[in-house]
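Working notes, structure below.
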Amino acid sequence: MVWEALSDGLAEALRAAGLYDPARFARLELAIPRESAHGDWTTNLALQIAKELKRPPRAVAEALAAGFPLAGSPFEAVEVAGAGFLNFRYARAFLDGLPARIIAAGGRFGGSQVGDDHACLVEYVSANPTGPLNVVSARAAAVGAALVRLLRATGHRCDGEFYVNDAGTQVDLLGASVAARFAQRIGEPRPLPEAGYQGGYVADLAAALPEAEARAALGGDGATWFRDRALERMVAAQRADLDAYGAEFARWFRESELHGSGAVDQALAELGARGMLYDAEGARWLSTTRFGDDKDRVVVRGTGLPTYLLPDIAYHRDKRARGYRHAIDLWGPDHHAYVGTLMAGLAALGLEPDFLEVLIVQQVNLLAGGQPVGMSKRAGEFITLRDLMDEVGADCAKFFFLMRSTSAHLDFDLDLAKRQNDENPAYYVQYAHARIASILRYAAERGLAPEPGAGAALEQPEEIALVRRLAAFPEVVRGAAAAREPHRIPAFLMETAAEFHRFYHHCRVVGEDAARSRRRLAVAEAARVVLANGLALLGVSAPERMERAAEAVS
RNA sequence: GCGCCCGUAGCUCAAUUGGAUAGAGCGUCAGCCUCCGGAGCUGAAGGCUACAGGUUCGAUUCCUGUCGGGCGCACCA
């Protein structure tokens with residue numbers, strides 16, 4: 001709303017100054033300055049276009065300021081500042097009226113339509129079904145789910161998807177490992193296959209098998225039987241954990257579907273038809289170097305089986321064929337070298353260069369007692385998503401993961417996350433929400449309800465500052481979605497919570513003056529809506545009450 | 001050896017995709033509850049943004065090099 005008003009107004013200002021040009025207007029950047037002295041919104045448009053106009057930036061800025069239609073806009077002033085910035089200041093009437101608009105919009109406040117109904121698919125987690133989900137998957141799940149919500153909130157048609165690698169060598173290995181454990185269980189010594197899976201969950205899988213059928217499978221050629229059983233149980237377990245964690249997937253896509261439908265063969269044939277394949281060293285190669293890859297890659301092994309690259313190409317082509325115009329993949333840090341390869345593979349097939357976007361979810365270092373927690377899969381001593389939920393809670397885990405930028409390594413302090421006191425930032429925002437809910441309950445007992453129009457306009461600097469902060473929420477959501485940076489939301493929420501606490505300490509909400517109380521309740525309720533909407537984007541609950549668990553006596 | 005990510009306050013991290021005086025939390029120190037939730041608030045100290053150049057109106061951000069840390073470099077996925 002504000003964004004559109006500014007954008008339209010500046011187009012008009014350009015016309016009024018005789019400077020309008022679509023290319024120029026396309027360079028428009030609007031931002032909320034961090035320094036409040038620089039106004040509520042700012043643009044560097046004059047600086048951007050001054051050079052080609054061969055005019056001093058400040059003179060261009062003056063001309064634009066003079067042509068900007070303030071009347072009817074959310075703004076009461078536009079100033080030229082610094083090297084040639086245009087700074088806009090909200091009109092008091094706009095701020096006075098904002099709580100009412102926020103309350104009326106409710107859960108929709110913060111959303112926008114900038115996405116223009118663009119269909120996109122976010123593929124995330126996609127962990128191999130060969131073991132429990134680890135902490136990197138937990139981080140990816142938090143980020144991916146948040147990204148889906150952010151894109152939906154900004155007007156995209158967006159789905160989440162989990163790709164199940166159920167067709168590779170690794171699941172065969174899992175099946176063989178389970179078969180070995182089952183054999184050992186019934187007293188037939190059989191070693192784990194080389195590089196087999198050693199974790200305790202493998203023995204658990206074996207123990208849960210129906211014994212008669214498993215014995216029969218063990219005797220004959222039962223490799224696929226063990227594999228399929230193990231696979232289904234692992235997928236079901238991952239699914240249950242992600243459900244509990246609040247990560248939703250519109251679809252669990254099986255790699256085996258691609259093989260079954262002939263999509264893999266078809267992709268291969270098409271690559272061949274495009275002249276992208278050649279045979280060498282007993283294998284079939286794809287010349288990805290033509291599209292910027294470091295070296296060409298094998299797509300069909302000497303054994304006749306495809307490598308992972310081929311189904312991956314077929315999978316992404318399938319995404320495109322299903323109508324998604326854009327695909328965002330979240331990968332772990334160990335796959336970053338593969339980005340260029342897959343991109344090249346898709347280019348070889350003729351997909352749009354901007355179809356695939358890969359985000360790397362960086363690694364997580366778990367700390368306990370200030371020391372790194374061992375994450376060795378081999379030793380079986382890794383922390384799972386389930387462990388994390390049990391230890392610190394899903395809300396807290398998600399908040400910690402989303403607090404930091406996705407592309408940076410993350411130190412996750414388990415001791416801090418477990419602590420239920422003021423040292424733990426995860427509670428700060430929830431606490432502010434619970435506090436507002438409590439105030440509203442307190443007021444309701446005295447027959448007072450929020451009423452934006454009641455009493456005078458906003459009075460104290462603290463309530464004006466709070467409402468200004470709330471006004472920024474839609475822009476923060478838009479920016480977080482556009483930059484694929486969910487961590488901007490927790491940062492904003494912490495600032496908003498702090499702004500609310502300041503307001504609370506300076507402005508008595510429920511007081512002598514009933515009209516003022518009702519109006520301040522409306523400010524508080526608007527803040528509650530923003531906090532609740534922000535937390536919802538993160539997948540974190542917004543509690544009406546918070547009870548601190550009894551401190552353990554040590 | 002090659003490639004990718006990173007280096008910002010004592011610690012963990014931001015900095016609106018090149019913007020104005022680099023900010024938060026924790027920790028430290030000093031204050032604030034007869035009243036709506038103290039999981040709170042107010043203030044202080046803390047920085048040559050690893051280092052050296054370059055690009056321009058303007059650099060934590062982009063380019064080059066050096067140093068230091070992490071991760072990759074399969075006919076595994």
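Per chain, numbering begins at 1; letters A, B, ... match sequence-line order.
- B:C33 takes the syn form, because its glycosidic angle lies no more than 90° either side of 0.
- A donor-acceptor contact under 3.5 Å is formed by the side chain of A:Y308 with the base of B:A77.
- Residue contacts shown for A:L410 are limited to sugar-phosphate atoms, with no base heavy atom under 4.0 Å away.
- Nucleotides B:G47 and B:G7 place their C1' atoms 15 Å apart, quoted to the nearest Å.
- Taking only side-chain atoms of A:A83, from C-beta outward, the nucleotide of B:C41, B:G19, B:C5 with the closest atom is B:G19.
- The pair A:K319-A:E161 fails the salt-bridge criterion, with no side-chain N (NZ, NE, NH1 or NH2) lying under 4.0 Å from an Asp/Glu carboxylate O.
- The residue A:R446 sits apart from the nucleic acid: no heavy atom pair falls under 4.0 Å.
- Close to B:G7, at under 4.0 Å from its OP1 or OP2, lies no side-chain N or O of A:H409.
- Among the protein residues, A:E281 comes within range of the nucleic acid bases, having at least one heavy atom under 4.0 Å from a base atom.
- Where stacking is scored as ring centres under 5.5 Å apart with planes under 30°, A:H335 does not register as stacked on the base of B:G72.
- Protein atom CG of A:D413 is 19 Å distant from nucleotide atom P of B:G10, rounded to whole Å.
- Side-chain proximity of A:R34 to B:A20, B:C13, B:A14: nearest is B:A20.
- The side chain of A:R508 has B:C36 as its nearest neighbour among B:C36, B:A14, B:G27.
- When the P atom of B:C75 is taken as reference, atom CG of A:L305 falls 14 Å away, rounded to whole Å.
- Side chain of A:V510, nearest nucleotide from B:C73, B:C36, B:A39: B:C36.
- A:E485 comes within 4.0 angstrom of the backbone, heavy atoms only, and of no base.
- For the OP1/OP2 pair of B:G25 and a distance below 4.0 Å, the side-chain nitrogens and oxygens of A:Y427 include no atom meeting the criterion.
- Annotation: B:G40 and B:C35 have their C1' atoms spaced 15 Å apart (nearest Å).
- Distance from the side chain of A:E255 is smallest for B:A77 among the nucleotides B:C36, B:A77, B:U56.
- Nucleic acid contact for A:H506: none, since no nucleic acid atom lies under 4.0 Å from a heavy atom of the residue.
- Atom CD1 in A:I360 sits about 14 Å away from atom C1' in B:C73, given to the nearest Å.
- Between the side chains of A:Y90 and A:W41, at least one donor N or O sits under 3.5 Å from an acceptor N or O.
- Look at CG on A:D422: it is 19 Å from P on B:G37, rounded to the nearest Å.
- Remark: ring of A:Y431 does not overlap the six-membered base ring of B:G40 in a stacked fashion, as centroids less than 5.5 Å apart with planes less than 30° apart are not both met.
- In summary, A:E463 and A:R516 do not engage in a salt bridge, as defined by a charged side-chain N under 4.0 Å from a carboxylate O.
- Other residues, nucleotides and ligands place more than 12 heavy atoms under 6.0 Å from the CZ atom of A:R446.
- A donor and an acceptor atom sit less than 3.5 Å apart, one in the side chain of A:N44 and one in the base of B:G19.
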request  = Begin with the C-alpha distance, continue with both residues' side-chain angles, and end with the deciding distance and a verdict on ring-ring contact (aromatic ring centres under 6.0 Å, His included) for A:F500 and A:F503.
outcome  = CA-CA 5 Å; A:F500 173 76; A:F503 160 77; 5.8 Å; yes

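- A:F492 places its CZ atom 19 Å from the P atom of B:A14, with the value rounded to the nearest Å.
- A:K51 has a side-chain polar atom (N or O) that falls below the 4.0 Å cut-off from OP1 or OP2 of B:C57.
- In the displayed structure, A:E52 atom CD is contacted under 6.0 Å by more than 12 heavy atoms of other residues, nucleotides or ligands.
- Across the interface with RNA chain B, nearest-nucleotide mapping of A:A283 and A:M403 shows A:M403 to be the residue nearer the 5′ end.
- Residue order along RNA chain B, read from the 5' end via each residue's closest nucleotide, puts A:E29 first among A:D312 and A:E29.
- Here A:A432 lies out of heavy-atom contact (under 4.0 Å) with every strand.
- Across all strands, A:A408 comes closer than 4.0 Å only to sugar-phosphate atoms, never to a base (heavy-atom distances).
- Of the candidates B:A20, B:A14, B:G70, B:G70 carries the atom nearest the A:Q363 side chain, counting heavy atoms from C-beta on.
- With distances taken from any side-chain atom of A:M546 to the nucleotides B:A39, B:C36, B:A15, the minimum falls on B:A39.
- Annotation: A:R468, atom CZ; neighbour count of heavy atoms from other residues, nucleotides and ligands within 6.0 Å is above 12.
- Residue contacts for A:G302: at a heavy-atom cut-off of 4.0 Å it reaches a base atom on one of the strands shown.
- Nucleotides B:U8 and B:G72 place their P atoms 22 Å apart, quoted to the nearest Å.
- Across all strands shown, A:S407 has heavy atoms under 4.0 Å from sugar-phosphate atoms exclusively, and none from any base.
- Under the Watson-Crick and G-U wobble criteria, each requiring two contacts below 3.5 Å, nucleotide B:C36 is left unpaired.
- Among the heavy atoms of the strands, none lies under 4.0 Å from A:P306.
- Look at B:C2: its Watson-Crick or wobble partner, with both distances under 3.5 angstrom, is B:G72.
- Among the protein residues, A:N87 comes within range of the nucleic acid bases, having at least one heavy atom under 4.0 Å from a base atom.
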message = Does A:F492 form a ring-ring contact (aromatic ring centres under 6.0 Å, His included) with A:F473? I'd like the steps, not just the answer.
response = CA-CA 8 Å; A:F492 172 81; A:F473 185 53; 5.5 Å; yes

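- Across the P atoms, B:A59 and B:C51 are found 16 Å apart, a figure rounded to whole Å.
- Side-chain atoms of A:H501 lie closest to B:C41 of the nucleotides B:A15, B:C57, B:C41.
- Using P as the reference atom, B:A50 and B:C6 are 13 Å apart when rounded to the nearest Å.
- For B:A74, the OP1/OP2 oxygens have no side-chain nitrogen or oxygen of A:T307 closer than 4.0 Å.
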task = Test salt bridge (charged side-chain N to carboxylate O under 4.0 Å, His left out) on A:E462 and A:R502 and set out the steps.
result = CA-CA 7 Å; A:E462 288 81 8; A:R502 262 192 291 280; over 6 Å; no

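- Spacing of P atoms, B:A24 relative to B:A15, comes out at 14 Å, to the nearest Å.
- Among B:G3, B:U17, B:C41, the nucleotide with an atom closest to any side-chain atom of A:H336 is B:G3.
- Nucleic acid contact for A:P333: sugar-phosphate only, since backbone atoms but no base atoms lie under 4.0 Å from a heavy atom of the residue.
- Of all nucleotides listed (B:G40, B:U16, B:U21), B:U21 comes nearest to the side chain of A:E35.
- Taking atom CZ of A:R297 as the reference point, atom P of B:A74 lies 8 Å away to the nearest angstrom.
- Atom pair A:F503:CZ and B:G37:C1' shows a separation of 15 Å (rounding to whole Å applied).
- In this model, the phosphate group of B:A14 is not approached by any side-chain N or O of A:R488 to a distance below 4.0 Å at OP1 or OP2.
- Between the side chain of A:T288 and the backbone N or O of A:A344, no donor-acceptor pair lies under 3.5 Å.
- The shortest distance between the side-chain N/O atoms of A:S405 and the OP1/OP2 oxygens of B:A14 is below 4.0 Å.
- The nearest whole Å value for the distance from the CG atom in A:N424 to the P atom in B:G25 is 15 Å.
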